[in-house]
S.K.: 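Structure below; questions to follow.
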Amino acid sequence: MSWAKRLDPLWPLASIASFAEVGSRAGWWEAYLFPAPSMVVACLWEDRAEFGGAFAETLFAASLGWGIALAAGTLLALTLSLSDRVERAFRPYAVFFQTVPVVAIAPLLVIWFGFGRPTVVAAAAIVSVFPVLAAGFAGLRSASAALTDYFRLRRAGRLATLFKLRIPSAVPQLLTGARIAAGLAVIGAVVGEFVGGGGLGGVVDAATAQQRVDKVFAAVLLSTLLGFGLVSIVDAARERLLSRWLRS
Amino acid sequence: MILGGRALRKTFASELRALAPIDFAVERGEFVALVGPSGCGKSTLLRILAGLDQPDEASSLENRANPGRASFVFQEAALLPWRSALGNVELAIELDAKAASSEARRFRARDALARVGLADFAARFPHELSGGMKMRVSLARALVTDPELLFLDEPFGALDEFTRLDLDEDLRSLWRERGGTVFFVTHSIEEAVLLADRVWVFSSRPGRLVLDHRLAGLPAERKRELRRDPRYRQEVETIEAALARHREPRA
Ligand SMILES: Nc1ncnc2c1ncn2[C@@H]1O[C@H](COP(=O)(O)OP(=O)(O)OP(=O)(O)O)[C@@H](O)[C@H]1O
Ligand SMILES: [Mg+2]
């Protein structure tokens, strides 16, 4: 792609930002409803120390929750799929619990884990574990019928089939699950911070109480960038790992 | 005898009869080709013989090959995409009951790849190989365990004519070198006559064995030139006639 084409996505942003800037300065709406972008940037700069700390805190909680979800989801899928019967019993729940709204259970997490980091990490882990689990279940049974027949014909044992066929077959779907989980982990962490305190979610909460809309916008912008960044990193890693699997 | 069946039949769910009762005996060292109309139960029979499916009750099936000494080449190559050609062939040895050192494994796998003409492609991954090369890897994987019984289900059906003839010639000469019993399913009468010493013809579903024909008049060495030989043409016509008689005239 040429540079001009690569820059195309910037013009909607530029137009909307200019419109917001002009409209807000000209008094087309009250500034507390939608601040001028320059105000948001100024606020980011002024409180850079606070934002930097909050960003790092949310990044840490989201990453930790994501890591826990990845490990727990993969292990759980592996263990539960060792027996066909157990897998049949549990698979629907992996799908069902993916739809639990984290916002609704966040207060419950405070009761269980108290105010502070454990609640935030738990919220991130809980929302991101189910996509990993569902991807694991689906991936572990994604080997082709012909390959499954081949292993049966060679009288391969359960463990040999698991390690030489089912787990490697599950890698592409697990990586996709991990990517979805990365985005959800950030959402989970921010929601967890609304109730548990700290991080960018805490900043949004406090700034809303003080009616500092510019600060709310700045924190929202940062958490969006954080989610986008994490997903992009996982995506890049996934592309690299998958190149061998996908091209076949 | 290595394989024998009496009143062997298979019915799928909702009374779909795939195999009529059939009786047969295959001797050790034979090369049998099975032809028949699409959907007549050829794959069904092969899967039953290989132990991948069960026949109906009251069928009797005897398989005197040593357990684990059968190999199967499927219609698609069925290779592990994350393993090189060599790794895919080694898989067959890894899955063997008796353990082999990794050097011994690699040595045998290289040897098998060389036998199918892929010595230079050992390190390539399946996505780097053509369809014909993948089938060769699949064949090497089947041969590396030195099977007593080799089942092939339309293995070269998706390949172009030239590649198919190459592989047919290779398969025939490999069999002549190493022996063993081969059971080969194909759509192509010409391929059956070029490869086998015994051709079975199935009727339309439910498959019945309507012709069990030995190609006694053809030379043991088969090259593509044989296809111009009048004896070859004669055999093809015999089988064609049997197929036409027992084929239902519906689409
Ligand atoms: N697992 C199955 N369940 C139900 N019906 C089946 C199953 N496998 C095969 N059949 C049916 O049994 C019949 C015979 O199928 P089979 O695959 O043995 O045919 P085939 O002779 O190998 O055909 P082709 O030459 O097209 O591969 C078909 O009508 C098919 O629909
Ligand atoms: Mg078939």
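Lettering of chains follows the sequences in order, A, B, ..., and the numbering in each one begins at 1.
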S.K.: Quick check on B:Glu94 against chain A: is it the side chain, the backbone, both or neither that has a heavy atom closer than 4.5 Å?
M.R.: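 Only the side chain of B:Glu94 comes within 4.5 Å of chain A.
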S.K.: Determine which residues belonging to residues 54-85 of chain A lie within contact range of chain B, meaning some heavy atom pair is under 4.5 Å apart, and list them by number or answer 'none'.
M.R.: none
S.K.: Is the shortest heavy-atom distance from the side chain of B:Leu91 to the side chain of A:Lys164 under 4.5 Å?
M.R.: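 The answer is yes; the side chains approach within 4.5 Å.
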S.K.: What part of B:Phe72 lies closer than 4.5 angstrom to a heavy atom of chain A: side chain, backbone, both or neither?
M.R.: both
S.K.: What residues of residues 133-151 of chain A make heavy-atom contacts with chain B at a cutoff under 4.5 angstrom?
M.R.: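 Residues of residues 133-151 of chain A touching chain B at under 4.5 Å: A:Ala146, A:Leu147, A:Asp149, A:Tyr150, A:Phe151.
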S.K.: Give, as side chain, backbone, both or neither, the part of B:Ala70 having an atom under 4.5 angstrom from any heavy atom of chain A.
M.R.: backbone
S.K.: Can you confirm whether more than 12 heavy atoms, excluding those of B:Arg198, are under 6.0 Å from its CZ atom?
M.R.: yes
S.K.: Under 6.0 Å from the CZ atom of B:Arg178, do we count more than 12 heavy atoms belonging to anything else shown?
M.R.: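 Check passes, neighbour count above 12.
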S.K.: What is the minimum heavy-atom distance between B:Ala92 and A:Arg154, and which atoms define it?
M.R.: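 It is O-NH2, 3.4 Å.
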S.K.: Is atom CZ of A:Phe90 surrounded by more than 12 heavy atoms (other residues, nucleotides or ligands) closer than 6.0 Å?
M.R.: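 Open: at most 12 neighbouring heavy atoms sit under 6.0 Å from CZ of A:Phe90.
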S.K.: Which region of B:Ser71, side chain (C-beta onward) or backbone (N, CA, C, O), has a non-hydrogen atom less than 4.5 Å from a non-hydrogen atom of chain A, or is it both or neither?
M.R.: both
S.K.: For B:Leu129, is it the side chain, the backbone, both or neither that has a heavy atom under 4.5 Å from a heavy atom of chain A?
M.R.: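 Neither part; nothing is under 4.5 Å.
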S.K.: Could you measure the distance from the CH2 atom of B:Trp82 to the CG atom of A:Leu165? Nearest 0.5 Å is fine.
M.R.: 5.5 Å
S.K.: Taking all non-hydrogen atoms of both residues, which atom of B:Ala50 and which atom of A:Leu153 are closest, and how far apart?
M.R.: O-CD1, 3.4 Å
